[in-house]
Peer 1: 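Sharing a structure with you now.
The model shown is predicted, which means the values in this text are computed figures rather than measured ones. Below, chains carry the letters A, B, ... as their sequence lines are ordered, and counting in each starts from 1.
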Amino acid sequence: MSYLEALRLAMRRLRTNALRTGLTALGVIIGVAALVSLIGVGQGTQAALTSRIASLGTNLLSVNAGASFTGGVRGAAGTATTLTEDDAAALVPLPGIAAVAPEMPVSNVVVVAGRNNTTTSMTGTSPAEAHVRSYTVQTGTFLSDVEVAKSLRVAVLGPTTVANLNMTPEQIVGTTVELNGIPFEVIGVTEPKGGSGFANPDDFVFAPISTVQAAFTGGTTLRTIGVSVNDPNAIAYASSAIELTLRSRHGLAASASDDFSLVSQNQLLTVASDQSATLRNFLIGIAAIALVVGGIGIANTMLVSVRERVREIGTRKAIGARRRDIGRQFLVEAVIVSLGGALIGVVVGVLVTGPVGAAVNVPARASLPGIALAFFSSLLVGIVAGFLPARQAAGLDPVEALRYE
Amino acid sequence: MTGTEAQALLVGEDLQRVYRMGESEVRALRGVTFSIALGESVAIMGPSGSGKSTLLHLLGLLDRPSAGRYLFAGVDTARLDDDHSAALRNRAIGFVFQNFNLVSGETALDNVAAPLVYAGVKRKERTERAREALDRVGLSDRMHHDPSQLSGGQRQRVAIARALVTRPPLLLADEPTGNLDSTSSAEIFSLLAQLHSEGLTLVTITHDPRIAARAERVLRVEDGRIVSDENSAAYAQAGALA
């Protein structure tokens, strides 16, 4: 019996048991739909995370001040005052480096504009910040060297901060706002970078580093130095140049460890994508379990079906069916159920991927590799599930089978 | 080899069949020897448990003897593997069972065409030949019915059409009227008699002496042995005298 004949026979059989066929297929439908949609959500998460990090600048290296040690207790990173503006200046002439921005953050700054106010974080920095952290200005201008040199009280605001003050960028540029009670003139608003939730990249205030140090933090220390390199491939090279320069400036002995740390955006990207890949694999694992359960359902139904059809099998053997004809008949039935379930499951999965993603705030979309994976695993599940019942049916002794009541 | 042996379709030589049931052995056939010629009509009679069904299974290549030789059309069946046996069952043997053994959920036409599927016949030709076979048993108007919609007599006629569809020389029937009323039984036996008159070799297990009387030859089986092998006219006479 050819596979085509086995297919015809199986289709007739499955139609006459439509309800049972449907319920058996349901397990596979759910498994495949879960696989397709969860792969979509997993990939969506990964893509969103990666693009968010990439939007912060892929050429970025961040030099962080080391942690302080007080009585053997390690403080948070950046609590030590190991980085200075002179350190930042010393990095500028190093080879392969495009821009260097000194950074000194001040958290929980209250911004008051007229009768509106909001709380955000402020960073004292230089004009190079725009290059290093990939900011462009939509209205007004960014910080200038003159403003830094003269410690002018000017500020560049993020678009979310402006929106939190119930103003448009056009309205706020040129006005004076109070930052922790100190008046600053707003000279520009940046383009939105997108994103939401924690660490919104559009909610901030930039002011000249000199002004921030004078009016808020005191001293000349920095928390971080943002460094932009010319070529993302040269990050490792730039990192070692920076490390050597800072060690020699800080007079560290060869045995001493760094009193600062270097983090590249690529490292963050790798970590983030590793983590989201772990999440994705976890989701796929859960969906795969659903699919396996569906396969067990098929195997179970097929075993029952073999029991019910012992006499039919005996009769088929009597009229000339060979072992492999009988085996093929049952195997094809199992595969049809799983493939039919997979087909419906893919459609359901594609339809629910968007809503499922929206529910967890991820731009998810069913992907072709995900669909292909789901489809081929269900084919495999069908074959595996059908194998045992098919072998059992094929191996029946015709005389015993014909006698079976 | 004599002329009659050359015509022999089925030859059994000291056929034995022993089943093992746990510790004990059941000797279903204890040495059976016979020769059935092409075109003959043979009835096998005997009490239940006598071994006549076992004999029919051996004749139909559904089972293998524990000892002895069984020749089918001159071929020693011990040399046939499972696939060859299946092919012979498919092309050379038609089976008719007491309980019809039709597949429900499939139309009469599909049931009749089933052996042709295993013979590798193309669909169009299958349908044509299944129609012919149903026509031959007088059921052309029931082709698209499910077996459950047919009477017992009609079901058995569908089963006979299925047995005939590959045009085998041999038809094996195991109590073909055992589940039928007397009217349907009469119909089935006229049909079988007609097929035999057209040249079909017929081996039938039956309990019914009237039916056995229509066969040319009667084999009586008891305790796994053939106890008598006579032509039916003599049997009918003996039966009438008793």
Peer 1: What residue in B:I93, B:L172, B:V103, B:L61 has the most heavy-atom pairs under 4.5 Å with chain A?
Peer 2: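 Counting heavy-atom pairs under 4.5 Å, the top option is B:V103.
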Peer 1: Which region of A:E400, side chain (C-beta onward) or backbone (N, CA, C, O), has a non-hydrogen atom less than 4.5 Å from a non-hydrogen atom of chain B, or is it both or neither?
Peer 2: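 Neither the backbone nor the side chain of A:E400 comes within 4.5 Å of chain B.
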Peer 1: Rounded to the nearest 0.5 Å, how far does CZ of B:R129 lie from CG of B:L116?
Peer 2: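 Interatomic distance, B:L116 CG to B:R129 CZ, rounded to 0.5 Å: 5.0 Å.
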Peer 1: Between B:D110 and A:R12, is the closest basic N to carboxylate O distance under 4.0 Å?
Peer 2: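 Salt bridge between A:R12 and B:D110, a charged N being under 4.0 Å from a carboxylate O: yes.
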Peer 1: Using heavy-atom distances under 4.5 Å, tell me whether B:S104 contacts chain A through its side chain, its backbone, both, or neither.
Peer 2: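 B:S104 touches chain A through backbone heavy atoms alone.
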Peer 1: May I ask you to say whether B:D76 pairs ionically with B:R79, meaning some side-chain N is under 4.0 Å from a carboxylate O?
Peer 2: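 Salt bridge: no.
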Peer 1: What part of B:R91 is in contact with chain A, defined as an atom under 4.5 angstrom from a non-hydrogen atom: side chain, backbone, both or neither?
Peer 2: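 Neither part.
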Peer 1: Among B:N99, B:T166, B:L102, which has the most heavy-atom pairs under 4.5 Å with chain A?
Peer 2: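 Result: the option with the highest number of such pairs is B:N99.
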Peer 1: Quick one: what part of A:R309 sits under 4.5 Å from any heavy atom of chain B, side chain, backbone, both or neither?
Peer 2: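 Contact with chain B involves no heavy atom of A:R309 at all.
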Peer 1: Determine, for B:E106 against A:R13, whether the closest basic-nitrogen to carboxylate-oxygen distance falls under 4.0 angstrom.
Peer 2: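 Judged by the 4.0 Å cut-off on N to carboxylate O distance, B:E106 and A:R13 do not form a salt bridge.
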Peer 1: Under a 4.0 Å threshold between the charged nitrogen and the carboxylate oxygen, would A:D325 count as salt-bridged to A:R316?
Peer 2: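 Looking at A:R316 and A:D325, the cut-off is not met.
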Peer 1: Non-hydrogen atoms of chain A under 4.5 Å away: do they reach the side chain of B:F100, the backbone, both or neither?
Peer 2: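 Contact with chain A involves no heavy atom of B:F100 at all.
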Peer 1: Could I get the full list of side chain to side chain donor-acceptor pair (under 3.5 Å) partners for B:H196, not counting sequence neighbours?
Peer 2: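 For B:H196, the residues satisfying side chain to side chain donor-acceptor pair (under 3.5 Å) (neighbours in sequence not counted) are B:E216.
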Peer 1: Measuring heavy-atom distances to chain B, does A:R15 have an atom under 4.5 Å in its side chain, in its backbone, in both, or in neither?
Peer 2: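 For A:R15, there is no contact with chain B at all, as no heavy atom is under 4.5 Å.
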